[in-house]
Protein chains: 2
Amino acid sequence: MFTLAEENYLKNIYHLQTENSEGVSTNLIAESLQTKPSSVTDMVKKLAAKKVLLHKPYKGVSLTEKGRKVASNIIRKHRLWEVFLVEKLNFHWDEVHEIAEQLEHIQSDELIKRMDAFLDFPDFDPHGDPIPDENGNIKVTEKKLLSELKKNQRGVIVGVKESGSDFLQFLDKRKINIGTKIKVLGKEFFDGSMIIQVRNEQFFISKKIAKNLFIQISEHV
Amino acid sequence: MFTLAEENYLKNIYHLQTENSEGVSTNLIAESLQTKPSSVTDMVKKLAAKKVLLHKPYKGVSLTEKGRKVASNIIRKHRLWEVFLVEKLNFHWDEVHEIAEQLEHIQSDELIKRMDAFLDFPDFDPHGDPIPDENGNIKVTEKKLLSELKKNQRGVIVGVKESGSDFLQFLDKRKINIGTKIKVLGKEFFDGSMIIQVRNEQFFISKKIAKNLFIQISEHV
DNA sequence: AAAATATTTTAGTTTAGTCTAAAAAAATAA
DNA sequence: TTATTTTTTTAGACTAAACTAAAATATTTT
Ligand SMILES: [Mn+2]
Ligand SMILES: [Mn+2]
Ligand SMILES: [Mn+2]
Ligand SMILES: [Mn+2]
């Protein structure tokens, strides 16, 4: 139905569309896919012909309902495979993304259905990202970036924004992971850095780190 | 290192080489890969340039040591994935081949190492085919085609030759699978058909079926 | 040994997906 | 409102992997 290249375009456009609320431009897609704008124009035409996205020349693109379905299914597969790699094969959460990039293109609805059951129908992947259901619906959870919290607010880490190896290993070194409870002890207005409490320890956290951690705020102290 | 197409050529040539003891011809490869001889010639040149096979124009091809390694590793992955699909995801043995055809191309040594351990280091796939080790070595077992057995010989089914759905479902219908013990009650010289005993039942088996079942003969009655 | 047949290779196209360079359109600045 | 800059598209070329048709080589038959 869709080639490997087409699937990767759709997946990336889906992500770009949810991150940047405005239209998705040719240059943005090119950057995201590490390719040239002229290549994007060609592929976008092909995908528009396949009715998975709308292309207004010189304006951006937007996925059709069909396109959203295809894209979210690839993301569903990616995240289920990541859960499998971590939960069943004991991979570390910073090692699974590249392998999942390959596995997400395996074509078999039955395989995914069985994998989902085998993993006990997980809602989130190892990085805290929600796993779309078969219809592309995503469970939305209330979460904020750590950088948005105020002094004395508490919460639990529910996800990471960028899940590159460097960042994940930074967290590991401090035994911070999904599920870890934190409290903001202090916040510096000058550079956005924070002091947070984790268990009995206090950590200095730069703004860059604080902008990469998703927190679910604990309302009742 | 190798493209999808290259991997499929190498795998097929490996199989052809072990089945037909003579050299592997262009037409044979073309038939096996469902492609045209001219396409084979092109690809064979490319693979020869990559030092994974030797090509004597107008004579056949043969894999180099490097080519054998690459090919057997793909077969290793294919068979490990088949074990996974049957043992862990409860797929039926006639449903796994097509999915394994895709999964065999996933590139990650670590993944295969962990999958092997997860499956408890299996020696055979669900169809009784041996799983090559990391170095391409295959455990050779003494086995004969059922068609080669004589009257009154006993044995246990250890594999199937062609593992198409039709044949596997034929076996299922009769509750015959790998591990099933059989005894040859009679053999018809005219058409090669047999009567075999399975548990308390007797089955009439055509020559075609008998040539598709691998048996390990039980020496001591 | 020559003729006929079968196999294999070469030559020239095709398609998907990419690229560079140039043209066109849109956005921004003067 | 022109001029300049940025973004996007078009035009033309390239590679991998396939194809068809024709040429070359090998095999088999007469
Ligand atoms: Mn990922
Ligand atoms: Mn993830
Ligand atoms: Mn198989
Ligand atoms: Mn098999």
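In what follows, every chain begins at residue 1, and chains take the letters A, B, ... in the order their sequences are listed. The model shown is predicted, which means the values in this text are computed figures rather than measured ones.
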**OP:** Before giving the answer on side chain to side chain contact (heavy atoms under 4.5 Å, CB included), spell out for N8(B) and K11(B) the whole-Å C-alpha distance, their side-chain angles and the decisive distance to 0.1 Å.
**Re:** CA-CA 5 Å; N8(B) 281 330; K11(B) 180 185 62 163; 3.9 Å; yes
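Look at NZ on K50(B): it is 11 Å from C1' on dA16(D), rounded to the nearest Å. Between the P atom of dA16(C) and the OH atom of Y9(A) lies a distance of 14 Å, rounded to the nearest Å. Counting to the nearest Å, the C1' atom of dA21(D) and the CG atom of D42(B) are 14 Å from each other. The CD atom of E6(A) sits 14 Å away from the C1' atom of dT18(C) (whole-angstrom rounding).
F84(A) has its side chain out of reach of I99(A): every pair of non-hydrogen atoms, C-beta onward, lies at least 4.5 Å apart.
Along DNA chain C, the nucleotide closest to Y58(A) and the one closest to T3(A) are compared, and the more 5′ of them pairs with T3(A).
Side chains of D129(A) and H127(A): no donor on one and acceptor on the other come within 3.5 Å. With 3.5 Å as the limit, one finds a donor-acceptor pair spanning the side chains of S193(B) and D191(B).
Phosphate contact (OP1/OP2 of dA25(C), side-chain N/O of K56(A), threshold under 4.0 Å): absent. Close to dT9(C), at under 4.0 Å from its OP1 or OP2, lies a side-chain N or O of H55(B). Using a 4.0 Å cut-off, no side-chain N or O of N27(A) falls inside it from OP1 or OP2 of dT6(D). At least one side-chain nitrogen or oxygen of K45(B) sits closer than 4.0 Å to the OP1 or OP2 atom of dT10(C).
Minimum atom distance to the side chain of M43(A) is reached by dT18(C), of the listed dT9(C), dT18(C), dT7(D). Checking dT18(C), dT9(C), dT9(D) against every side-chain atom of A5(A), the shortest atom distance belongs to dT18(C).
Exactly one of V86(B), L103(B), L89(B), V83(B) qualifies for a side chain to side chain contact (heavy atoms under 4.5 Å, CB included) with V96(B). That residue is V86(B). Among the candidates R76(A), H78(A), K77(A), the single residue satisfying the side chain to side chain contact (heavy atoms under 4.5 Å, CB included) test with P132(A) is R76(A).
Looking at heavy-atom distances under 4.0 Å, T26(B) makes contact with sugar-phosphate atoms alone, never a base.
Here R68(B) pairs with E65(B) in a salt bridge; the nearest charged N to carboxylate O distance falls below 4.0 Å.
Within residues 28-39 of chain B, the residues having any heavy atom closer than 4.0 Å to DNA chain C are, in order of number, P37(B), S38(B).
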